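Structure record follows, encoded as structure tokens.
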Amino acid sequence: QGPAPRAGRRASPPRGPALGPGRGRPARGGVGQTSRRRLMGGGVHGPGDQDRPALRLEDAIDRLRRFNRGTQAPTAEDVQRAEEEAFDKLQRSEREEAERRCPSLRSIPRFYERRARDADESNSLRPRVLRAAVTYLLHRKSTEELLDEEDLHAIYNLLKKHARERDQVEVIDYAGFAKISEELAARGDRFRQFFLPSMFLKFPRDPNGCIAIVPFFTFVVRKVNVRQTRVQLSYYDALGCGYLREKDMENFIFELIPTLPQLSSLQEEFYPFYVFTAVRKFFFFLDPKRTGRVRIKDLLSSQIIIELYELRQEQALPASEAENNWFSMQSALKVYGAYLELDTDQNGMLSKSELSHYGSGMLTDVFIDRVFEEYQTYRDTETGEREMDYKTFLDFVLAMENKNSRQAIQYFWKLIDINKRGYLDAFVINYFFRAILRLLQTKKFEVACVDDVKDEIFDMVKSETLGMVTMQDLVNCRQGGTVLSMLIDAAAFWRYDNRETLMMEPDDDDVKF
């Protein structure tokens with residue numbers, strides 16, 4: 001048979017083209033790769049090809065066009081099918097890799113999968129695919145299912161067309177209601193949800209079986225606004241879990257500012273502080289447990305989002321409404337101005353002594369100490385004092401301005417429940433009220449007896465357990481804000497104690513403390 005070829009020496013190739021294992025299939029390095037080289041470089045590279053000039057981009061594109069001449073362009077369905085096949089291939093490879101690392105996955109499915117950390121989300125395929133899918137879904141909903149202003153005008157015009165007037169009220173019967181549904185069906189299926197028989201039966205009917213068109217149209221407009229808001233908020237749900245984190249909410253508010261006419265004169269330098277101010281109200285009232293997230297469902301059902309969208313009005317808000325709207329430019333500048341005014345050393349933080357001048361400047365030192373003990377503060381590197389930043393100050397302001405709300409009572413309860421027993425007894429009330437007495441005595445005001453005030457508080461609350469006041473008791477009595485003011489603010493207690501005199505002589509309400 002002769003000697004075998006030595007290492008490094010190839011046997012002579014057979015005649016004809018080199019074929020691989022399959023019939024007619026080019027072997028590795030054979031005809032297929034040669035064709036690709038000819039397409040990209042003009043031929044098979046030889047020893048002298050390195051001296052040839054590089055192929056220009058225009059020439060490469062021209063050759064690619066000639067190569068694809070006569071082939072049919074892929075349709076949208078072909079592109080989508082190719083994307084799905086590529087995605088299935090990636091999923092299959094990830095599943096096989098997971099099964100290789102953990103063979104039990106072949107028989108037992110994975111019930112829990114740890115969410116990737118924020119730092120890894122940009123490098124992981126799953127969150128990127130999830131975000132792309134959510135964006136596509138929301139875009140489809142906004143274009144195919146939501147009504148725009150033109151659609152609402154069409155509904156209103158058809159309601160006016162088929163309406164009849166009875167007792168100076170425009171009404172419509174079910175026959176006209178059904179005709180409108182038929183006419184709108186030609187414009188798309190997005191109208192059908194508002195013109196179902198069940199929708200007609202939701203509204204009160206007169207003796208003739210007709211419903212008023214104004215309440216119906218108002219309902220449609222509100223429903224559309226809610227759904228548009230939900231889609232808008234869902235764009236900022238980066239994790240796709242149905243809630244917004246604080247940074248998601250900040251992005252939403254920041255990008256919403258230029259679209260609100262009432263904020264058109266807001267300086268861009270103030271945008272970050274306005275964003276902090278607006279976001280804190282959402283989290284103070286909708287996230288009282290401080291989980292760092294707010295459900296989109298809670299946002300849509302709250303009055304806070306309605307208060308924010310009042311700034312969409314083109315006409316300027318009256319001064320009283322603007323002052324009472326937390327999101328107005330006047331209110332935001334007022335809160336931020338108060339923070340700057342309290343910051344006497346201008347280091348951007350508030351110390352205990354600076355915060356004690358809030359409002360009338362009659363907050364007790366006991367209460368201020370408890371605020372700095374329980375809520376987030378930062379230590380000054382120079383003085384070693386604990387100081388409060390702007391976000392913590394915003395929570396403090398919201399609690400002080402909404403003392404009767406459950407969220408504010410919960411905020412204060414953490415401060416006054418010094419023994420962490422879940423209730424207040426006579427000792428705790430005496431502890432806080434004696435600080436009120438000391439402060440009033442320094443201002444030369446007449447003071448009440450501690451026992452009298454303690455008994456009055458128990459009478460106001462009407463607690464379920466005698467001599468013990470719980471947080472739920474403060475909420476149920478509807479006077480929780482008054483009780484809290486009596487224990488933390490000397491000026492508020494003085495006004496309460498002299499309320500009858502102040503009603504007869506209103507000028508005394510301007511007493512300087």
Side-chain angles (χ1 to χ4, degrees), residues 280-281 283-292 298 352 355-356 358-360 362-377 386 388 392-441 447-499:
R280 287 321 302 165
K281 182 161 188 177
F283 278 82
F284 181 83
F285 285 100
L286 302 181
D287 183 32
K289 295 183 179 180
R290 303 297 183 263
T291 61
D298 295 336
K352 291 181 181 180
L355 185 63
S356 64
Y358 175 82
S360 60
M362 295 290 285
L363 297 175
T364 65
D365 54 351
V366 172
F367 170 67
I368 296 295
D369 289 341
R370 290 293 297 152
V371 172
F372 279 77
E373 289 172 3
E374 292 292 340
Y375 289 104
Q376 184 175 11
T377 54
R386 305 295 300 184
M388 174 186 294
T392 308
F393 175 74
L394 289 172
D395 286 338
F396 177 82
V397 173
L398 287 166
M400 295 294 292
E401 293 185 356
N402 302 274
K403 289 191 185 78
N404 286 314
S405 66
R406 184 182 185 88
Q407 293 83 356
I409 292 176
Q410 185 173 341
Y411 177 92
F412 288 115
W413 184 261
K414 190 175 180 181
L415 305 176
I416 62 177
D417 184 16
I418 56 177
N419 296 321
K420 305 301 180 185
R421 295 178 179 175
Y423 65 87
L424 307 181
D425 54 14
F427 173 81
V428 176
I429 294 176
N430 287 340
Y431 175 75
F432 280 96
F433 188 70
R434 287 187 185 279
I436 296 284
L437 292 183
R438 290 195 299 269
L439 195 53
L440 289 176
Q441 288 172 352
V447 294
C449 176
V450 176
D451 292 333
D452 292 342
V453 174
K454 178 189 64 177
D455 294 338
E456 185 166 0
I457 288 177
F458 282 125
D459 291 340
M460 291 169 62
V461 175
K462 296 182 176 61
S463 57
E464 295 183 1
T465 304
L466 186 63
M468 298 170 55
V469 177
T470 65
M471 190 188 80
Q472 192 60 43
D473 292 332
L474 289 177
V475 175
N476 294 338
C477 73
R478 300 182 182 277
Q479 298 189 70
T482 303
V483 173
L484 291 169
S485 298
M486 293 169 63
L487 297 176
I488 65 176
D489 189 347
F493 170 77
W494 184 88
R495 291 192 180 94
Y496 173 81
D497 196 38
N498 297 272
R499 59 192 180 281

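All figures in this text were calculated on a predicted structure; none of them were measured in a lab.
- Within the 4.5 Å cutoff, no side-chain heavy atoms of M460 are placed close to those of R478.
- In this structure, N476 contributes its side chain and Q472 its backbone to a donor-acceptor pair below 3.5 Å.
- Summarising the geometry of R434 relative to V450, their closest heavy-atom pair is NH1-CG2, 4.4 Å, with the distance given to 0.1 Å.
- Summarising the geometry of N404 relative to Q479, their closest heavy-atom pair is OD1-C, 4.2 Å, with the distance given to 0.1 Å.
- T392 and D395 form no side-chain donor-acceptor contact under 3.5 Å, judged by distance and modelled atom types alone.
- At least one side-chain heavy atom of Y375 sits under 4.5 Å from a side-chain heavy atom of K414.
- In the model, D287 has a side-chain atom that pairs as donor or acceptor with a side-chain atom of T291 under 3.5 Å.
- Interatomic distance, CZ of F393 versus CG of L398, reported as 10.0 Å (0.5 Å rounding).
- Going from atom CG of D417 over to atom CE of M471 covers 10.0 Å, rounded to the nearest 0.5 Å.
- Taking the six-membered ring where tryptophan is involved, the planes of F284 and Y411 are tilted, since the angle between them lies from 30° to 60°.
- Interatomic distance, L484 CG to F432 CZ, rounded to the nearest 0.5 Å: 10.0 Å.
- Side-chain contact between R370 and F412 is absent, with no heavy-atom pair separated by less than 4.5 Å.
- Taking 4.5 Å as the limit, every side-chain heavy atom of T364 sits out of range of all side-chain heavy atoms of D369.
- Ion pairing between E374 and K420 holds under the 4.0 Å rule for side-chain N and carboxylate O.
- Side chains of Q376 and R290: no donor on one and acceptor on the other come within 3.5 Å.
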